[in-house]
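These notes are about the structure you will find just below.
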Number of protein chains: 2
Amino acid sequence: MPSVTVENYLKHILLLAEDADGLIPMGALSAALSVVPGTATTMVKALAADGLVVHIPRQGVRLTAAGRRVALGVLRRHRLVETFLVHVLKMDWGAVNVEAEQLEHAISDTVLDRLDALLGHPATDPHGDPIPSREGKIRSQVYATLATCVLDRPLRVVRVTEQSAEFLQFAERHGLRPGAVVTVTDRNLAAGLLSLRRRGARPLALSLSAAGRILVEPAR
Amino acid sequence: MPSVTVENYLKHILLLAEDADGLIPMGALSAALSVVPGTATTMVKALAADGLVVHIPRQGVRLTAAGRRVALGVLRRHRLVETFLVHVLKMDWGAVNVEAEQLEHAISDTVLDRLDALLGHPATDPHGDPIPSREGKIRSQVYATLATCVLDRPLRVVRVTEQSAEFLQFAERHGLRPGAVVTVTDRNLAAGLLSLRRRGARPLALSLSAAGRILVEPAR
DNA sequence: CACGCTATTTTGAATAGTCAAAATAAATTG
DNA sequence: CAATTTATTTTGACTATTCAAAATAGCGTG
Ligand SMILES: [Mn+2]
Ligand SMILES: [Mn+2]
Ligand SMILES: [Mn+2]
Ligand SMILES: [Mn+2]
């Protein structure tokens, strides 16, 4: 019943709330959706009238329980579709986000359930992003990133929180996908750089901002 | 680039042209799309302005070459998606039309090519409907139907030209899907009824209008 | 050939979503 | 704290799609 536009607004509010919790400023939302700020304001007021978000003028938006439910549904479809595209259709993990951006609005519950079963009820998508359950539960664990973790300890990559095809291409080429084990050997705050080592691969330098998008946990 | 609405209009014009060739009357089009006639007129004038159809007022519409190209693309997506849903996700062949009605607008060329390869480049969908090629060729063979075929000869079902879930459910239950071999033992024009026989199944009575939706060719 | 039925088109109005540009509030800064 | 910068909201306008209802054209029938 909610339109494609509404689904996109709600999903992006949910995603933005994942990092900066509290209220999402309209500027951030309009940027995420590639619309001018006035459009976001108008739209958010309509969503608020429908009880999907709470809008505090000049401060920002936040999802209501109803809005969150819808958003989690969209996110589940998005991430299951990405998983399907990578694992079944063997598509590049950098290419699947744009595809899923459309498909997430066109998949019925029936199809989604079949897809979920076919994929073996995965807990995360190919980027390590957690897949909300059918009931709307989502794992929200806080991980260290390569920018914040301890040095000289083996770490397992659990998630790459970045959608851009270029970055994902780059990460893949250097083996930085979920499951990979790496060690940060050196970090230079001033230069905004760090050095990585990975078994059987040459050392790699990474910017701190890129490193912040790679979530890790202690390996074993 | 064409909107979902435009894609639906063009696809339905193509589908309607398959039976009654020549110009499609606005009434038939508006009924197929479930809009009031005035809406179809307005929309068709817009399509004509974009060079996708030719509109002859008070007579009807027909696709231009450009419009036909778009429509065949939509139809290819629709039928490949149906094939996927039945053969990979094991969905009921009566349920897939509604699903494909949405998905046909959300699948990119890249995804479609992968899907096509995964399915082994099928020539027809689960209902026997021909799948347009990537280049926009479509097989348009004229078949006999159970309403028009010879009596007492074994016939192979090649296609069931009906979208309604109920009819497809019924057909499936009686083994009337592409590949099945049947014989028409008797036909009563006056009563609008005919009798079928199928190996290993009890004789079946069918209305002429239903029979007209089942296309057949001589078996062997 | 006039009459009436039917299909189609026109007209006027509504909804959803968007942008450009002006107005305003809030935050920052000297 | 007044002045300026920045973020947000408002206003007015536009596009795409739709419906309801009135107008019209094209029949076929008598
Ligand atoms: Mn989307
Ligand atoms: Mn992802
Ligand atoms: Mn459709
Ligand atoms: Mn079909």
Side-chain angles (χ1 to χ4, degrees), chain A residues 1-13 16-17 19-63 66-67 70-71 74 101-102 104-106, chain B residues 1-13 16-17 19-63 66-67 70-71 74 101-102 104-106:
Chain A
M1 196 108 352
S3 70
V4 169
T5 307
V6 166
E7 290 192 341
N8 280 330
Y9 272 79
L10 296 176
K11 187 190 72 172
H12 276 106
I13 295 171
L16 289 168
D19 322 294
D21 59 1
L23 291 171
I24 307 304
M26 302 309 279
L29 182 58
S30 72
L33 289 158
S34 311
V35 296
V36 302
T39 299
T41 300
T42 307
M43 201 51 211
V44 160
K45 287 208 290 186
L47 295 175
D50 286 357
L52 295 168
V53 303
V54 174
H55 178 211
I56 304 182
R58 306 270 163 191
Q59 300 203 47
V61 244
R62 133 168 75 75
L63 294 174
V70 175
V74 182
E101 202 53 53
Q102 299 306 123
E104 66 188 2
H105 312 290
Chain B
M1 197 112 347
S3 69
V4 168
T5 307
V6 167
E7 289 192 342
N8 281 329
Y9 272 80
L10 296 176
K11 187 190 70 172
H12 276 107
I13 296 170
L16 290 168
D19 323 294
D21 59 2
L23 292 172
I24 307 305
M26 302 309 279
L29 182 58
S30 72
L33 289 158
S34 312
V35 295
V36 303
T39 299
T41 302
T42 308
M43 200 53 210
V44 159
K45 288 206 291 186
L47 295 175
D50 286 357
L52 295 168
V53 303
V54 175
H55 179 213
I56 304 181
R58 307 269 163 192
Q59 300 204 46
V61 245
R62 132 169 75 74
L63 294 173
V70 175
V74 182
E101 202 53 53
Q102 298 306 123
E104 67 189 0
H105 311 291

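Atom CE in B/M43 sits roughly 12 Å away from atom C1' in D/dT15 (whole-Å rounding). Taking atom CG on B/N8 and atom P on D/dT17, their separation rounds to 11 Å, with Å as the unit. C/dT15 atom P lies 17 Å from atom CG of A/L47, rounded to whole Å. B/L23 has its CG atom 11 Å from the P atom of C/dT8, to the nearest Å.
Here the nucleotide nearest the side chain of B/M26, chosen from C/dC19, C/dT8, D/dT8, is C/dT8. Ranking C/dT18, C/dT9, D/dT17 by closeness to the B/S3 side chain, first place goes to D/dT17. Of the listed nucleotides (D/dT9, D/dT18, C/dC19), D/dT9 has the atom at the smallest distance from the side chain of A/P37. Side-chain atoms of A/T5 lie closest to C/dG17 of the nucleotides C/dG17, D/dC19, C/dT10. Which of C/dT18, D/dT18, D/dT9 sits closest to the side chain of B/V35 comes down to D/dT18. Considering only the side chain of B/V6, D/dT17 comes nearest among D/dT17, C/dT9, D/dT8. In this structure, the nucleotide among C/dG17, C/dC19, C/dA25 sitting nearest to the side chain of A/R58 is C/dA25. Comparing C/dT8, D/dT10, D/dT8 by their nearest atom to the side chain of A/P25 picks out D/dT8. Out of D/dC19, C/dT9, C/dA20, the shortest distance to the side chain of A/V36 is found at C/dA20.
Using a 4.0 Å heavy-atom criterion, one finds that B/G38 contacts the bases of the nucleic acid, with or without backbone contacts as well.
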